[in-house]
Amino acid sequence: MAPWGYEKDNGPAHWHKDCPIANGKNQSPIDLINGEVKYDSGLKPLTAKYVPFSDAKFLNNGHSVQFQPSAGNGSELTGGPLAVKYNFEQFHFHWGNNDTEGSEHRVDGKMYPAELHFVHWNSTNPSFKDAVGSGGPNGLAVLGFFLKVGAENAALKPITDLIPKVKDAGTSVTVPSNFDMQAILPATLTDYYTYDGSLTTPPLAECVKWIVFKQPLEVSAAQMEAFRSVINRDGKPMGGNYRPPCPLHDRAVKTSFK
Ligand SMILES: Cc1cc(C)cc(S(N)(=O)=O)c1
Ligand SMILES: [Zn+2]
């Protein structure tokens, strides 16, 4: 099989051949159906403590654009549904070629134009890789933020301004050390959906505690267009790099809000 992608000949319907877990019972993303979620008053806000990185790259890996520090620096996530501290690993995006599609998770069937994933790994593991392979839904904690078109996002601007420098697959650029990742996050991380799921791209490991925020972030039309100028490994626009929703099977989706 050609390396996995999102085209007709290598897209989500093909992934099960190399990754049989694609047809597993804990796959992501899912459609978050408000009539089927259950409020859990025990779900407190999350706390993200992000420290500016002195050495981080922004890269085009052929299927997304990703902010990747060279090493951990004590940036961590705690609280919410998490029993332990999780270390920040990377953030990346999924988006569409127009404003009606692009997000991975959906809300009552609605897609947003893009979705931002902040990836963290369970600090009881020696490394990110061990956390992915640790078995069970507590290896990684991924924060999902929907993006909608509106005001310019000043916190994401240092990143979206770098997109033209990573237009082609396999390219990367150093991120200025004064980039303030914390500023991307809302002041309080309160209203979210949470469920046990998987990586949304191969290897599709079922190791993720998903935490998807109800309130979308805004980005400007120009910032959305920047994403849509990115090229994938086949020389085509990368837009459409989202997996369709997977069956919920007998999982519960809990909310921190009524
Ligand atoms: C393959 C993969 C790796 C990582 C760290 C995160 C994801 S996702 N899109 O589920 O957040 C996918
Ligand atoms: Zn993702």
Side-chain angles (χ1 to χ4, degrees), residues 3-6 10-12 14-16 18-22 24 26-32 46 48 56-72 75-77 82 86-96 101-106 111-123 125 127-134 136-147 156 159 169 181 184 192-213 216-217 227 230 232-233 238-246 251:
W4 68 270
Y6 294 92
N10 66 4
H14 292 268
W15 294 353
H16 68 97
D18 276 357
C19 301
I21 197 69
N26 301 286
Q27 290 290 292
S28 294
I30 59 171
D31 186 357
L32 299 161
L46 281 112
K57 292 235 177 290
F58 187 59
L59 56 101
N60 175 336
N61 59 23
H63 49 85
S64 187
V65 287
Q66 185 163 306
F67 172 84
Q68 180 84 48
S70 56
S75 292
E76 62 190 32
L77 179 72
L82 307 176
Y86 284 67
N87 298 316
F88 174 79
E89 174 69 14
Q90 52 105 320
F91 70 73
H92 64 271
F93 301 85
H94 304 262
W95 64 93
E101 45 131 48
S103 63
E104 298 216 288
H105 291 89
R106 305 184 187 190
M111 262 192 275
Y112 285 86
E115 187 169 329
L116 163 54
H117 290 157
F118 278 85
V119 180
H120 309 76
W121 55 275
N122 184 317
S123 62
N125 297 277
S127 75
F128 163 76
K129 220 165 148 38
D130 292 286
V132 171
S134 61
N138 299 312
L140 302 185
V142 182
L143 304 184
F145 292 95
F146 295 119
L147 302 187
L156 277 173
I159 294 296
M181 191 167 83
I184 298 171
Y192 54 85
Y193 303 84
T194 185
Y195 75 98
D196 293 345
S198 74
L199 302 175
T200 65
T201 69
L204 300 171
E206 295 187 336
C207 62
V208 183
K209 181 68 75 182
W210 275 98
I211 299 159
V212 180
F213 289 89
L217 303 179
F227 286 108
V230 177
N232 67 18
R233 144 187 345 102
M238 191 179 279
N241 59 345
Y242 60 90
R243 190 188 191 189
C246 304
R251 291 179 283 177

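Atoms within a ligand are numbered from 1 in the order they appear, just like the ligands themselves.
At a 4.0 Å cut-off, not a single heavy atom of S64 sits close enough to ligand 1 to count as contact. Contact annotation: W210 has at least one heavy atom less than 4.0 Å from an atom of ligand 1. Put simply, part of H92 is less than 4.0 Å from ligand 1, judged by heavy atoms.
Among all protein heavy atoms, the one lying closest to atom 3 (C) of ligand 1 is L199 CD2, 4.0 Å. At the top of the distance list for atom 12 (C) of ligand 1, counting protein heavy atoms only, stands T201 OG1, 3.4 Å. Among protein heavy atoms, the minimum distance from atom 10 (O) of ligand 1 is reached at T200 N, 2.9 Å.
Taking the N/O/S atoms of H117 in turn, the shortest distance to the Zn ion (ligand 2) belongs to ND1. Distances from the Zn ion (ligand 2) to each N, O or S atom of H92 single out NE2 as the nearest.
Scanning all heavy atoms of the two residues, the minimum distance from L199 to V208 falls at N-CG2, 3.7 Å.
E101 places no side-chain N or O within 3.5 Å of a backbone atom of M111 that could act as its donor or acceptor partner. Using a distance-only test at 3.5 Å, with no hydrogens or angles considered, a donor-acceptor pair links the side chain of H120 to the main chain of A141. A donor-acceptor pair under 3.5 Å is formed between the side chain of N61 and the backbone N or O of H63.
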Handout entry: side-chain hydrogen bond (donor to acceptor under 3.5 Å, both in side chains) between E104 and H94, worked out
Key = CA-CA 7 Å; E104 298 216 288; H94 304 262; 3.2 Å; yes
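Contacts with ligand 1 closer than 4.0 Å are made by no heavy atom of E89, backbone or side chain.
Residues K209 and D196 are paired through a salt bridge, judged by an N-O separation under 4.0 Å between the basic side chain and the carboxylate.
By the 4.5 Å heavy-atom criterion applied to side chains, W95 and Y242 are not counted as neighbours.
Of all atoms in ligand 1, listed by their number and element, those nearer than 4.0 Å to a heavy atom of P202 are 1 (C). Ligand-side atoms of ligand 1 in range of H94: 9 (N), range being under 4.0 angstrom from any heavy atom.
The ring of W210 has its center no closer than 6.0 angstrom to the ring center of Y192.
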